[in-house]
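This report concerns only the one structure given below.
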Amino acid sequence: MNTVRLAIFGGGRRVQTFYAELCHWLQAQQSCKCVAICNRSPEKVDHFAKQLGANVYSTPNQLLESERIDAAIVSVSPDYKDRLAQQLA
């Protein structure tokens, strides 16, 4: 089975709690690898990214130009999520 390469967009409370636990569990199952986290304030996700072995980016364009991803978790503000979803499609 191929490992799914996952990116996370956002770095708020939901990402740091719920999605952090989910990513750790998925990586323990060897079904998924969190390869990148994008947050407009990269310093807010540095610790979390290091725990997962993920790269950190400050813009979606940087992440999408640098990483090959299979899936994404989008946890950003409502006024931004639609635009990001279009970029990911």
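Reckoned from all heavy atoms, side chains included, excluding hydrogens, waters and symmetry mates.
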Query - Where at least one partner belongs to residues 47-74, residue pairs that pass salt bridge (Lys or Arg N to Asp or Glu O under 4.0 Å), sequence neighbours excluded - result: R5-E67, R68-D70
Donor-acceptor pairs under 3.5 angstrom involving side-chain atoms of residues 40-49: please list them, not counting sequence neighbours.
residue : atom : partner : partner atom : Å
H47     : NE2  : Q51     : NE2          : 3.0

Query raised in the report: With S66, which residues qualify under side-chain contact (heavy atoms from CB on, under 4.5 Å), at least two apart?
Result: Y57
Requested in this report: Report the C-alpha distance between C23 and L6 in whole Å, list the side-chain angles of each, state the deciding distance to 0.1 Å, and finish with yes or no for side-chain contact (heavy atoms from CB on, under 4.5 Å).
Outcome: CA-CA 9 Å; C23 288; L6 176 70; 3.8 Å; yes
Please list, one pair per line, the donor and acceptor atoms closer than 3.5 Å that link side chains of residues 77-89 to other protein atoms, with sequence neighbours excluded.
residue : atom : partner : partner atom : Å
S77     : OG   : D79     : OD1          : 2.7
Q87     : NE2  : N61     : OD1          : 2.6

Query raised in the report: Of the non-hydrogen atoms in A54 and I37, which two are nearest, and what is the gap between them?
Result: CB-CG1, 4.2 Å
Report task. Check whether any side-chain heavy atom of I69 sits under 4.5 Å from a side-chain heavy atom of V35, and report yes or no. Result -> yes
Query raised in the report: Are any of the side-chain heavy atoms of L52 and Q27 separated by less than 4.5 Å?
Result: yes
**Report entry** Co-membership, hydrophobic cluster, residues V74 and L63, 4.5 Å side-chain
**Finding:** yes
Report task. Tell me whether L26 is reachable from F18 by hopping between hydrophobic residues (I, L, V, M, F, W, Y) whose side-chain heavy atoms are closer than 4.5 Å. Result -> yes
Query - Verdict with supporting geometry, S75 and I8, side-chain contact (heavy atoms from CB on, under 4.5 Å) - result: CA-CA 8 Å; S75 184; I8 299 173; 5.7 Å; no
Query raised in the report: Is there a path of hydrophobic side-chain contacts, each under 4.5 Å between heavy atoms of I, L, V, M, F, W or Y residues, that connects L22 with V4?
Result: no
